[in-house]
Structure formats: C-alpha cells, structure tokens
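Notes follow once the structure below has been shown.
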Amino acid sequence: MGAKRRGGFIGTFFGNLWRFIAALIMVGIITGCIVAAVLTVYLLRLVNSDEQIRLEDAPMRYTTILYSNSKETGEPEKMLELQTMEYRIWVSYDQIPKYMIDATIAIEDKRFLEHHGVDWKRTAGAAINLFIPIYPSKAGGSTITQQLIKNITDDDAFRVDRKVREIFRALRLEQKYSKEQILEAYLNTVFFSNQSYGVQAAANTYFGKDLSELSLAECASIIGITNAPTAFNPFLYPENNKRRQEEILFAMYDQQKITEREYQAALEEELVFQQDVAKQRVAPVYNYFVDHVIEEVIDDLRKEYGYTYEVAQQMVTSGGLRIYTTIDLDAQAWVEKYYGDKANFPQTILNPEYPQSAFVLLDPNGKILALAGGIGEKQGMREFSRATQALRQCGSSIKPIAAYLQGIENDVVTWSTKLEDSPVDKEKNWPVNHYGSYLGSITIDEAIQRSTNTIPVKLVQILTPRRVFDFLYNKLNMTTLIERKVINNQVFTDIADFPMALGGMTEGVTVLEMAGAYQIYANGGYFTAPYSYTQVKDANGDIVLEKDITPRRVISSETSMIVNKLMQRVTNGPHGTGAAARFQTTSIPVAGKTGTTDDDRDQWFVGVTPYYVGACWMGFDKPERIRYTNYAPPHVFRQVMEPLHQGLEVKDFPVSSGVVQKNYCTESGELAIDSCPATAVGWYKENNLPSECFLHSGEMSRELEERDRFGDSDDDKEEPDYIRDHNGKIRYKTPSGLWVVRDEEPDEDW
C-alpha cells in the first residue's frame, strides 16, 4: 500500500509538472507569436515605407573654390578655397585614385563588391558579439553602404531598431544606386578630422596635395583616419596613424590589391604632413579682392534669385560654388606689398598719425584686377574695405566725368573755349579756387590743368545739374549719389551745382565707382560696370551666375579722346596739378585728375593709361584736415602703377577719326590765323571747330558790333548779348560769360 501511495504521489507530481511546463510552453509560444507579429508588422512597415534616401539631396556643406586665369595658359586655375565649418570638396568617382578605393574596401568592407548593401556574415557576427563577446574589438557589421547612410542621415543611435532601419535603407539604396555611386558618395562625406570631409579635403589638409597626386602610402594614411578620426589624426597622434596605415597596407596586400613590392615601398615611404597648410586654411586672411568678390557674388545671388543675405552668404561660403574671378595675381601681390608697408606713405603735417588710403586697379573694360582697402597688414577675412565700401567726397576728381565731359559731349565748349575764372556768387565770393585768386579769361585746357573751381560750376549751370546727375547715376553706375534724401526734416540732394561740379556729395562715392567711371577715357567711350568675376558654377558644374560684360557706349569716341588729351595735360602741362603721376622710366602716357575737397579731408588721384585704370584715395577714417609737404595721391599712383607697366610696349590711347589737331590763338581761344601773336595746340571735334580768330582778324570794330547786334541799340546798354562775327556765326553770351557760337539766330530756348 505504501508503495502504491508513493507511486500515485509521484505520478501526480510529474503529471502536474508536465502540465505546468506545457502551459509555460504555450504561453511562450503565444508570447512569441505576439512578439513575432509585432516585429513582422514593424519590419513590414520598414520594408514598405515610402522613405527614400537620395544621395543627391544629402544635406552637406561644400567648400567654395575661387579660380584665377593662368597668365601662361589663359585657363582657370585654382586660387583659393574658402574656409567653412565643414571643409568639403566633391570629387567624382573617376577622380579618386584606385589606391584610395582599394584601401577603403580592404579595411572597411572587403565583400563590398559582392553583397547587396548588407554583409549578413558580419552582421550576424556583430549581433552575437553584442551578447557574447567573442571579439576583443568593437568592430561592427556595418558595410560601406550602411556607413554612408549614417553619414548623410545622422541616424547613428545605438539601438536595435536603428540598426534594423539602417539594414533596410541599405538594401533599398543598393537597388537604386551603383557601387561606384555609393563609393563616390561615401568617400566625399566621411569625416577625416580637422573640419575635413571627403578625401579631396583630407588630401589638401594633411598633405597639401590634390587627390590625384597622392601615393599609395598617403592614401592608406588618409583612409586610416576614418575608423577613429581623433585617435588616428596624424597631426595629433602620428604614431597611431602610422600603425593604422600599416594595417590597411597589409589588408590590401593580403587581398591581392597591391603587389609585395608596392607593399614594401609604401611601408618605407616617409609621410610628410603639412600642418602649417591646414592651420592657414582654418584661420585664413583673405586679401581685399577676395573679400570683395564674396560680397559681389552674395549681392548678385540676392538680385538674381531673391535670396536673403544670410541664405546667399551660406551659399557662397559653404555651397561648393566655383567662382571664376578677374584677379591679376601679380598685380594684387604688388598692390598688397606696397600698401602693406606704412613707410611708402608720408606722414601729415598737422597730425602725427598716418592717414589711410585705398587703391583700385581695373583693366580698361571694367575688370577688377587688384584692390587695396587700407594701409598696413590685413588682419582677417572680410574686413571693411575703403576701396569698395567707404563713401567719401570726391572733390575735383569729378570734373572730367561731369562738367568737362558734358561740356565737350554737348558741344558747349571746346579745348580752347575761354571762360571767366570769376566768382559765381559775388556776394559770397564762391567758389574759391585752391590757388586763392581768380585769373580772368582762361581756356578749358588751363582750367582743367589748374583744377579751377569756377569754370566747372559755370558749365554745370549751363548744362543743368540734372543732366550731369542722370549721366553719372544711369550711365556710369554711380548709384551712391543721392537724388533726394530727408534727414531730420531737411532735404538733401546731389542734383545741385556744388556736388555735380566740385564733388561735394551728400554721402560720397566709393573708390571703385570713381575707377569705373574713368574707364571711358581708356577705351574710347565705353562703360562696363566694374566686376570681380565672370561666372559662378555650382558643385555639379551648372552655371549659377554669369556676368554681362558687354561694353556699352556712353560717350562719343571724340569726347573720350578730347577729355583724355585734356587730362594728359594735368600730368604733363605747365600748370598740371598731377605732374607727380607722370611715369619716369617709360614713355607710356598717363591721363588723370587730382581731387581735393574744400576742407582737405579727402584727396584723390584717378588716372588711366592704355593698359590700366587706377584710383587712389587718401584721408583719415574719421574725416579731418589732411596736409602733406607735397600733395601725395599722384605720387602713390605713380609708385603703384609704374612697376606694373615695366616691359609693356609703349602705345597710345584709342584714337578717334572725328578728332583733329589744330592751332588756336591763346588770346581769343579761336582757331589761329597768321596775325595771331601767340598760338598753342588743341584737339577738337571735326564737326565742332571754333571760328577763326575774330580778335586779330582786323575786321572787329565797335561799329560792326553796333550795326549787327540784336536787340536795343541804345548806347547806354551794356555789351551786346548777341553779335554776328565776320564768319557769319552768331555769338550768344550766357550769364556765366560763355560765348556760345551758333549758325542760326537765337530763340527762346537759348
């Protein structure tokens, strides 16, 4: 009985135990089914997700590159890479060395060419290693494709669901893109420390080379950084980088990607890292030209596409643009050198501080070749430039592009027309000449040489300030001029005698604007708005911006030639204020004009040669009186410009067939005849020649004037307003004292 009871008890116990185990199994199965169902739904959602990763849309910053034209080949060559937080230069697959590709595959994903985005063997090994550490390293199962996905999505959380999502993304990516496209994208996005992304940036940063110039040893060294960018940074830990490089080289040899000879040679090659080059890139000092071209491209992007300043700036600094500049590297280097040495500039008499200065160099058709925005060594990037951003009064340097230009162009005056150097406002004795007196009747030639103030004011009054303003603003692109501005309930305008004749502007003009305006006297009357680049492309080579650099005629070739000849008298005439600008070692002609404001706060010389246009400004940043022992701007102009002309052929400015050279009477200003006691040479439009000298003709008499004059013949009346000379020309005397010659009788419009 006892045995039976014991047997029944045992049977009951094991029966219950098996039922309990069976119940657990059933619960496990049910739970497993639920988990499997949930996981299946999750995986199906991943598989059927509409999410698509497009390599073309990867949110990355690319380094913008500036190009200059090679003087040897005339072709663009890389000049500068703009600094960004992410230093990245995209290169296509066929530009990447085979050594670089083989090194990447050998160490990162040796079955890359066989799998379809996921290396299942490595993935399984990594999963097992996560729970049962078999391998001492933390090497994961990610393929190059999976690493690329992490790089462009920033989805790198250490979670199982992220890994599963990555696997399916990788499978999809390889269905859409080729192995070459994936490798190209990976090698352009992977981080190499020191702000460098992509193999081209890494080649530049660590070896100061183009990617195509790297050796096998250098390729392996760069790829070695990717595993741990800080630990294998060759600038910080060269020994770590070397060890990793050797591992990669062995992997390449072991996988028969390189020969034993290549392997041994690479091991023995000394790696020379260019840390100084990298430091210069991280904290560069751009020259004034580079600063300007950045701002010009930003401004043009805003105009062309309606971008905000911030968006346009980001596009320039980190959009991977290719900017083809107009810089002359030799000229820029010389201008920088000259302006970098304060000893080249005189100290003023009244102030112990050195003044500031700026210089702009153009070619005769508006192309900006060199800029100096200040004296002394430039300290950083995108500094304030006095050449392109400072607004200053241009003083007398406006006369050739305003009063004299309009007077010659509109046949109001000729080279030898005589006007009264006398006050316009006799009560205020205004304007005052810098030489402190009034000379009476003088020619246009003498007036421009001496930089007389009264004559341009009288011309602007005849021509009207509105006409002069419209020409400067609309034709010469001097958009800093003010048509109308209200400040503290007071109206200011540059449409007036003083600003249009003597350069006393409401706000001022830039040195670049003045240089741009003077180009019309170096090229025969054409204007092109000054430009620092010709074309901008994106990283794919598509054109983003293209300059319209077609010159447009703004004055006649005759006017251009005559005013040019007048300005040559400023540098070589007996009364010329700009004699110091004339070259001493070459016969290349120089035409130009000095400019000084009434209070001596701004001083200028703007000049042209057959090869260049140069504009020099000098003054204090906070305007105050500036005095030199010798007027300095023409000296600076010559010292900067003359070396640029060494070795150039001596040639003249463009010649107009409509201009003739004639002798004129120095007393009357008319064409000389045999009886004229003194004559000089002038240049005239063929269709607007002065009359022959009436003063010395022997026919001029008071009886003739009284008989042929128009109007009242009362003897008490002052000299006639109109007379007919012996050539049959009608002479009309304006209130400014200018005798205008016409073929027809006067009317009310005169």
Side-chain angles (χ1 to χ4, degrees), residues 399-420 441-449 452 455-456 458-464 467-468 471 475 501 520-521 523-526 553-569 573 591 653-673 676 679-697 721-734 736-747 749-750:
K399 294 172 183 175
I401 56 174
Y404 293 122
L405 178 151
Q406 294 295 335
I408 299 293
E409 180 78 348
N410 292 285
D411 296 336
V412 173
V413 292
T414 68
W415 178 287
S416 57
T417 298
K418 284 212 162 188
L419 294 178
E420 286 292 318
S441 180
I442 61 174
T443 62
I444 295 298
D445 172 35
E446 184 174 352
I448 196 171
Q449 283 188 60
T452 299
I455 304 304
K458 292 178 179 182
L459 283 175
V460 167
Q461 287 181 336
I462 294 167
L463 297 157
T464 72
R467 173 186 283 179
V468 177
F471 178 81
K475 299 294 187 180
I520 61 178
Y521 298 123
N523 62 31
Y526 292 93
R553 179 169 290 286
V554 294
I555 60 172
S556 67
S557 61
E558 293 87 350
T559 297
S560 174
M561 181 176 175
I562 292 170
V563 179
N564 177 294
K565 293 287 187 182
L566 286 168
M567 290 197 298
Q568 288 186 53
R569 298 281 284 166
F653 292 98
V655 174
S656 171
S657 60
V659 173
V660 294
Q661 181 181 342
K662 296 285 185 178
N663 290 332
Y664 68 90
C665 175
T666 58
E667 291 187 24
S668 68
E670 299 177 313
L671 295 183
I673 57 178
C676 292
T679 64
V681 176
W683 298 83
Y684 304 90
K685 292 182 182 178
E686 196 169 28
N687 60 3
N688 187 42
L689 292 171
S691 300
E692 288 188 352
C693 182
F694 187 47
L695 180 63
H696 300 107
S697 66
D721 292 327
Y722 309 103
I723 63 172
R724 188 185 301 276
D725 66 22
H726 68 292
N727 294 309
K729 299 281 188 180
I730 294 174
R731 295 166 177 263
Y732 162 61
K733 189 173 184 179
T734 70
S736 300
L738 170 65
W739 285 95
V740 181
V741 181
R742 292 286 187 269
D743 290 320
E744 73 280 1
E745 293 184 1
D747 57 30
D749 292 336
W750 279 28

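In this text, all values refer to a predicted model and were calculated from it rather than measured experimentally.
- The side-chain heavy atoms of Tyr404 and Leu459, taken from C-beta on, include a pair separated by under 4.5 Å.
- In plain terms, the two heavy atoms of Leu463 and Ala403 that are nearest each other are CD1-O, 3.8 Å.
- When atom types are taken as modelled, the side chain of Lys685 and the backbone of Ile562 share no donor-acceptor pair closer than 3.5 angstrom.
- In this view, Asp445 and Gln449, Arg569 satisfy the side-chain hydrogen bond (donor to acceptor under 3.5 Å, both in side chains) rule, not counting sequence neighbours.
- Scanning for salt bridge (charged side-chain N to carboxylate O under 4.0 Å, His left out) contacts around Glu446 gives Arg450, with sequence neighbours left out.
- Rounded to the nearest 0.5 angstrom, Ile444 CD1 and Ile442 CD1 are separated by 8.0 Å.
- Nearest heavy atom pair, residue Asn564 against residue Ala591, reads O-CB, 3.6 Å.
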Problem - CA sep, side-chain torsions, deciding dist, call: Glu686, Glu558, side chain to side chain contact (heavy atoms under 4.5 Å, CB included) - result: CA-CA 9 Å; Glu686 196 169 28; Glu558 293 87 350; over 6 Å; no

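- For Ser668, there are no side-chain hydrogen bond (donor to acceptor under 3.5 Å, both in side chains) partners at least two apart in sequence or on another chain.
- Side-chain contact between Ile401 and Tyr521 is present, with at least one heavy-atom pair separated by less than 4.5 Å.
- When atom types are taken as modelled, the side chain of Tyr684 and the backbone of Leu671 share no donor-acceptor pair closer than 3.5 angstrom.
- Residue Glu420 comes nearest to Lys458 through the heavy atom pair O-NZ, 2.5 Å, listed as atom of the first residue, atom of the second, then distance.
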Practice task
Mind running side chain to side chain contact (heavy atoms under 4.5 Å, CB included) on Met567 and Ile448 for me, showing each step along the way?
Solution key: CA-CA 7 Å; Met567 290 197 298; Ile448 196 171; 4.3 Å; yes

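- Under a 3.5 Å cut-off, the side chain of Lys565 and the backbone N or O of Gly682 do not form any donor-acceptor pair.
- If you take CZ on Arg467 and CD on Gln406, they are separated by 6.5 Å, rounding to the nearest 0.5 Å.
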Identify each donor-acceptor pair in which a side-chain atom of residues 655-666 lies under 3.5 Å from a protein atom, sequence neighbours left out, and give them as a table.
from	atom 1	to	atom 2	distance (Å)
Ser656	OG	Ser557	OG	3.0
Ser656	OG	Gly658	N	3.2
Thr666	OG1	Ala678	O	3.2

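- Taking the side-chain hydrogen bond (donor to acceptor under 3.5 Å, both in side chains) definition, one finds that Asn688 meets it with Asp411, sequence neighbours left out.
- In this structure, Ser416 and Pro690 have side chains that are in contact, with non-hydrogen atoms separated by less than 4.5 Å.
- Under the 4.5 Å side-chain criterion, counting only non-hydrogen atoms from C-beta, Leu566 is not in contact with Trp683.
- Taking the side chain as every heavy atom from C-beta outward, Ser556 and Glu409 approach each other to under 4.5 Å.
- When every heavy atom of Ile673 is checked against every heavy atom of Cys693, the shortest pair comes out as CD1-O, 3.7 Å.
- Here Tyr526 pairs with Asn523, Pro551, Arg553 under the side chain to side chain contact (heavy atoms under 4.5 Å, CB included) rule; sequence neighbours left out.
- Counting only heavy atoms from C-beta outward, the side chains of Leu405 and Ile520 approach each other to under 4.5 Å.
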